[in-house]
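Worksheet: one structure, shown below.
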Amino acid sequence: MAEIERIVILTGAGISAESGIDTFRSAGGLWEQHRVEDVATPEGFARDPDLVLGFYDMRREALAKVQPNAAHHALARLEQEFAGELLLVTQNVDDLHERGGSRDVLHMHGELKSALCLSCEMRSPWDATMSDRPPCPVCQAPSLRPDVVWFGEMPYQMERIYAAIRQADLFVSIGTSGAVYPAAGFVRDALDCGAQTLELNLERSEGSHWFRHSRQGKAGDLVPDWVDEVLSAGG
Ligand code: OAD
């Protein structure tokens with residue numbers, strides 16, 4: 001730990017589970033309640049925009065009822081106190097990292113609280129509903145869609161992520177099943193570049209065998225402990 005100077009952290013739905021946000025692939029999770037093809041693909045949106053806009057309106061509204069948990073707060077503390085470089089990449093579209101105090105969060109799958117205009121292609125902060133077809137704040141066209149990355153679309157800022165992984169001494173994956181690429185492949189990229197790799201997850205994930213170290217438990221317990229270890233090692 002003492003030699004760690006550059007850390008890349010990847011988070012997934014599991015870090016927000018203790019805040020009360022459903023994960024995707026657990027029993028009763030979002031992908032059991034809704035078909036991915038219907039609500040998380042460009043084709044589904046073209047077929048039934050009302051269904052898709054309503055699905056993301058519901059998820060955006062649900063954010064008002066949840067709070068960041070100990071894992072989000074611990075990563076914010078790491079950002080503030082770690083002397084080296086840290087990149088926090090999340091697959092989550094919620095805003096709990098920011099509300100937990102993290103200032104620099106890379107949302108590779110977009111954000112519920114952002115709108116993307118299909119007319120002018122601008123992204124705007126968004127806190128309201130979209131199913132009532134409000135005008136784009138930039139061009140006024142009623143052409144907003146959720147600014148989330150759907151299956152078949154390119155995640156955001158991949159070059160910045162790969163550049164950070166190439167430099168990293170440590171890659172840490174928290175609360176993600178390792179089922180969705182390209183994020184699921186980051187651990188192998190990190191290994192290829194000689195980084196240490198650590199998984200913190202409720203259970204062994206699909207890609208668990210790629211990690212040199214794997215700890216099982218709740219993010220709200222594991223993450224604060226791990227952050228304490230990094231900071232007490234002088235990081
Ligand atoms: P998943 O639902 O696939 O996986 C969540 C992981 O978190 C599972 O491995 C759980 O065991 C673990 N978990 C659950 N509760 C936990 C807790 N309290 N502490 C720690 N771990 C816990 O969610 P993601 O891996 O984030 O993409 O899913 C990746 C992507 O698939 C999402 O970003 C989304 C989805 O389809 C798009 O929509 C593009």
Side-chain angles (χ1 to χ4, degrees), residues 9-45 51-53 55-56 58-60 62-63 66-75 88-97 100 105-114 116 145-158 161 171-187 198-211 213-227:
I9 298 175
L10 172 71
T11 66
I15 198 167
S16 297
E18 287 156 76
S19 294
I21 297 184
D22 285 341
T23 61
F24 295 95
R25 294 176 181 77
S26 53
L30 273 178
W31 293 157
E32 270 188 13
Q33 302 167 41
H34 306 270
R35 280 165 37 101
V36 174
E37 302 79 7
D38 290 341
V39 297
T41 62
E43 296 77 18
F45 183 56
L51 176 81
V52 175
L53 294 173
F55 173 70
Y56 290 95
M58 174 193 77
R59 291 180 62 196
R60 193 180 310 102
L63 292 183
V66 298
Q67 298 298 329
N69 64 53
H72 298 104
H73 289 299
L75 293 186
L88 174 57
V89 180
T90 187
Q91 297 167 90
N92 298 343
V93 292
D94 66 53
D95 60 349
L96 292 180
H97 280 304
V105 186
L106 194 163
H107 284 269
M108 65 178 290
H109 289 167
E111 294 174 70
L112 283 171
K113 289 198 170 179
S114 177
L116 175 64
R145 60 161 270 187
D147 188 12
V148 298
V149 176
W150 288 327
F151 286 91
E153 298 180 326
M154 180 61 78
Y156 286 118
Q157 297 196 53
M158 293 305 296
I161 298 170
F171 172 77
V172 186
S173 172
I174 303 171
T176 176
S177 62
V180 174
Y181 284 82
F186 291 167
V187 59
L198 168 66
E199 170 177 76
L200 305 175
N201 206 51
L202 193 61
E203 60 204 349
R204 285 191 168 271
S205 71
E206 288 183 27
S208 211
H209 54 283
W210 292 106
F211 290 85
H213 305 282
S214 178
R215 300 179 188 172
Q216 280 80 53
K218 290 185 173 181
D221 298 327
L222 295 181
V223 178
D225 286 351
W226 172 70
V227 167

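Note that these values count all heavy atoms, side chains included, but never hydrogens, waters or copies made by symmetry. Both counts, for ligands and for their atoms, begin at 1 and track the order of listing.
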- Closest to atom 18 (N) of ligand 1 (heavy atoms only, candidates His109, Lys218, Glu18) is Glu18
Is the contact between [X] and ligand 1 made by the side chain, the backbone, both, or neither, using heavy atoms and a 4.0 Å cut-off?
X      : answer
Ser205 : neither
Leu202 : both
Val149 : backbone
Ala40  : neither

- For Gly220, is the nearest heavy atom under 4.0 Å from an atom of ligand 1?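 Checking ligand 1 against Gly220, which is what was asked, there is no heavy-atom contact under 4.0 Å.
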- Is Trp31 near ligand 1, meaning one of its heavy atoms is under 4.0 Å from it?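 The answer is yes: ligand 1 sits under 4.0 Å from a heavy atom of Trp31.
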For [atom], what's the nearest protein heavy-atom neighbour? Residue, atom name and distance, please.
atom                    : answer
atom 16 (C) of ligand 1 : Gly14 O, 3.5 Å
atom 12 (C) of ligand 1 : Asn201 OD1, 3.4 Å
atom 5 (C) of ligand 1  : Gly175 O, 3.7 Å
atom 30 (C) of ligand 1 : Val180 CG2, 3.7 Å
atom 29 (C) of ligand 1 : Gln91 OE1, 3.4 Å
atom 11 (O) of ligand 1 : Glu203 OE2, 2.7 Å
atom 28 (O) of ligand 1 : Arg25 NH1, 3.2 Å
atom 19 (N) of ligand 1 : Ala219 N, 2.8 Å

Please examine the side chains of [Y] and [X], heavy atoms only from C-beta on, and report whether any two atoms are closer than 4.5 Å.
X      : Y      : value
Asp95  : Leu112 : no
Phe24  : Val36  : no
Trp226 : Val172 : yes
Leu116 : Arg145 : yes

- Nearest-0.5 Å distance that lies between atom NE2 in His97 and atom NE2 in His73: 12.0 Å
- Query: To the nearest 0.5 Å, what is the distance between CD1 (Ile9) and OG (Ser173)?
  - Reply: 10.5 Å
- Item | Member of Leu30, Asn92, Ile15, Leu63 meeting the side-chain contact (heavy atoms from CB on, under 4.5 Å) criterion with Ile21 | Leu63
- Hey, does the side chain of Asn201 reach the backbone of Ile174 with a donor-acceptor pair shorter than 3.5 angstrom? no
- Please state whether the rings of Phe171 and Phe211 are parallel, tilted or perpendicular, taking 30° and 60° as the class boundaries.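 Parallel: the ring planes of Phe171 and Phe211 meet at under 30°.
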- Message: Is there a polar contact, in the sense of an N or O pair closer than 3.5 Å, between Ala13 and ligand 1?
- Response: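 Min N/O separation from ligand 1 is below 3.5 Å for Ala13.
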- Is any N or O atom of Phe24, backbone or side chain, closer than 3.5 Å to an N or O atom of ligand 1? yes
- Can you list the atoms of ligand 1 that are under 4.0 Å from a heavy atom of Phe151?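 The list of qualifying atoms is 36 (O).
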- Note on the structure: Paired with Thr176, the side-chain hydrogen bond (donor to acceptor under 3.5 Å, both in side chains) test is passed by just one of Glu206, Gln91, Arg25, Glu199, namely Gln91
- Query: Within a radius of less than 6.0 Å around NZ of Lys113, do more than 12 heavy atoms belonging to other residues, nucleotides or ligands occur?
  - Reply: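 More than 12 within 6.0 Å, yes.
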